[in-house]
Amino acid sequence: MGAELHYCAAFYFDSEQEGFEVKVEWDAWEYPIGCVECSDVECEGCELLQDFYIYSDSLEEIELTFTESPKAIAEAFSELKIKIQDEYNSELSLKEYKLLDDGSMMIIVAYPSRISDGDRIIREPLEQRVRELENEKAHLKGKLESKDLEMARLERLLAAPKVQINNSGNLQIGSKNSMSDNRTINTNGGNYYESINTKGGNYVQGNYINMSQNLTQAASQIQELIEQLQNSGVAVDVAQEEVARDVATQAQNNPTVRDKLIKWGQSLGDATISDVVKGVVKLGIRSVGIPLP
């Protein structure tokens with residue numbers, strides 16, 4: 001267990017009374033190593049109002065397992081270490097860490113035994129902070145991915161040849177078009193895009209969604225456009241947004257179409273249509289600024 005060690009400190013002060021000296025002497029004995037066996041203080045010519053706190057801390061350990069990233073664990077531990085130092089004048093130490101077979105991380109944290117409630121002061125705050133950091137990271141990643149999708153969609157739209165149709169509402173396409181027969185396309189006052197670059201596929205906008213139909217009848221056209229975009233490599237949520245935007249554009253430019261879109265929204269609860277189509281209708285309604293029924 002090692003040798004017994006003796007520590008001594010003495011301080012001498014001159015008193016206000018001439019020739020009178022004040023003396024304070026401290027003694028402390030360490031045995032075994034790391035533990036204060038006993039301590040003593042002697043005063044001459046004075047009274048000690050407040051003494052030093054001489055203590056010795058043994059260490060306790062807490063084992064924790066995390067499924068979150070090592071970066072979040074390290075950041076949370078560093079923050080808690082500073083907090084313990086400030087509030088308890090004690091040190092936390094990372095005694096051991098190990099990557100387990102299931103991909104989780106096991107760590108062992110050592111802390112002074114005079115911190116009586118290790119679970120409340122160390123375990124719970126550390127676990128909570130790790131979760132918060134991981135959630136913040138996931139939220140940021142989601143925002144970046146959403147931004148990337150928006151940029152990709154914008155690039156596709158900018159790359160597409162666009163024909164602007166005025167409110168006369170009809171476009172006659174003749175023999176120069178890839179179709180052998182002439183076509184008359186009713187845009188209901190909106191915009192007509194002959195095609196949108198979808199990485200190999202064509203997304204035709206305008207007369208393919210007939211807004212004069214009821215929702216059940218139009219659902220097949222909406223579903224077909226969604227599937228066409230998906231087959232071209234467009235994510236389903238992006239496809240929904242693009243089709244919904246086209247529906248909303250027609251509704252904004254034509255009061256009759258707007259009324260029809262409202263009726264579609266009112267029939268969502270009874271219509272036997274896919275959730276994807278329902279999502280398009282809801283997005284279109286929100287884009288126009290109509291409260292959802």
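No experiment lies behind these values; they were computed from the predicted model shown.
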### Query
Heavy atoms, side chains only, cut-off 4.5 Å: are Met106 and Tyr97 in contact?
no

- State, yes or no, whether a side-chain contact exists between Glu127 and Val130 at a heavy-atom distance under 4.5 Å. no

Margin query: Can you tell whether the side chains of Arg129 and Glu136 come within less than 4.0 Å, N to carboxylate O?
Written below: yes

Under 4.5 Å between side-chain heavy atoms, counting indirect links through other Ile/Leu/Val/Met/Phe/Trp/Tyr residues: same cluster for Leu92 and Leu133 or not?
no

### Task
Would you check if there is a donor-acceptor pair between the side chains of Gln128 and Glu132 at a distance under 3.5 Å?
yes

Using side chain to side chain contact (heavy atoms under 4.5 Å, CB included), reason through Val281 and Ile285 one step at a time and then give a plain yes or no.
CA-CA 6 Å; Val281 175; Ile285 290 174; 3.9 Å; yes

Review point. Would Phe11 and Trp26 count as a close aromatic pair, with their ring centres under 6.0 Å?
Key: yes

Between Val234 and Ala239 the two heavy atoms that sit nearest each other are CG1-N, 3.8 Å

Residue pair Asn254 / Gln250, side-chain heavy-atom distance below 4.5 Å
no

Practice prompt. Test Arg245 against Ser287 for side chain to side chain contact (heavy atoms under 4.5 Å, CB included), laying out the working first.
Written response: CA-CA 7 Å; Arg245 184 177 292 106; Ser287 298; 5.9 Å; no

Checklist entry - Hey, quick one: are Val247 and Val236 part of the same hydrophobic cluster, counting side-chain heavy atoms closer than 4.5 Å, chains of contacts allowed? => result yes

Stepwise side chain to side chain contact (heavy atoms under 4.5 Å, CB included) check, Gln85 with Ile82:
CA-CA 5 Å; Gln85 175 66 47; Ile82 295 173; 5.7 Å; no

Checking Val22 against Glu44 for the side chain to side chain contact (heavy atoms under 4.5 Å, CB included) test, could you report, in this order, the C-alpha distance in whole Å, the side-chain angles of both residues, the deciding distance, and whether it holds?
CA-CA 6 Å; Val22 175; Glu44 294 183 6; over 6 Å; no

ask   = Hey, does Val24 have a side-chain heavy atom less than 4.5 Å from the side chain of Cys46?
value = yes

For Leu283 and Ala244 the tightest heavy-atom approach is CB-CB, 3.5 Å

Tightest non-hydrogen contact, residues Pro70 and Met105, listed as CG-CE, 3.9 Å

Determine whether Lys95 and Glu61 satisfy the following criterion, salt bridge (Lys or Arg N to Asp or Glu O under 4.0 Å), listing intermediate values before the conclusion. CA-CA 9 Å; Lys95 183 176 180 181; Glu61 296 177 357; 2.2 Å; yes

When rounded to the nearest 0.5 Å, the distance separating OG of Ser39 from CG of Asp27 is 9.0 Å

Does any part of the side chain of Ile107, heavy atoms only, come nearer than 4.5 Å to the side chain of Phe66, both counted from C-beta? yes

**Asked** Does the side chain of Thr216 come within less than 4.5 Å of Thr272's, by heavy atoms?
**Response** no

In terms of heavy-atom contacts, Val288 and Ala251 come closest through CG2-CB, 3.9 Å

Residues Leu48 and Cys43: closest non-hydrogen pair is CB-SG, 3.6 Å

Closest heavy-atom pair, Leu94 versus Phe77, reported as atoms and distance to 0.1 Å, is N-CZ, 3.7 Å

Please walk me through it: do Glu25 and Lys23 pass salt bridge (Lys or Arg N to Asp or Glu O under 4.0 Å)? CA-CA 7 Å; Glu25 185 175 302; Lys23 172 185 174 184; 3.7 Å; yes

Close side-chain approach of Ile84 and Glu91, heavy atoms under 4.5 Å
no

Could you tell me if the side chain of Leu229 sits less than 4.5 Å from the side chain of Leu225, heavy atoms only? no

Checking Ile108, Ile122, Ile121 against Ile62 for side-chain contact (heavy atoms from CB on, under 4.5 Å), the one that qualifies is Ile122

Test of understanding: clusters of I, L, V, M, F, W, Y form through side-chain heavy atoms closer than 4.5 Å, transitively. Do Tyr111 and Tyr88 belong to the same one?
yes

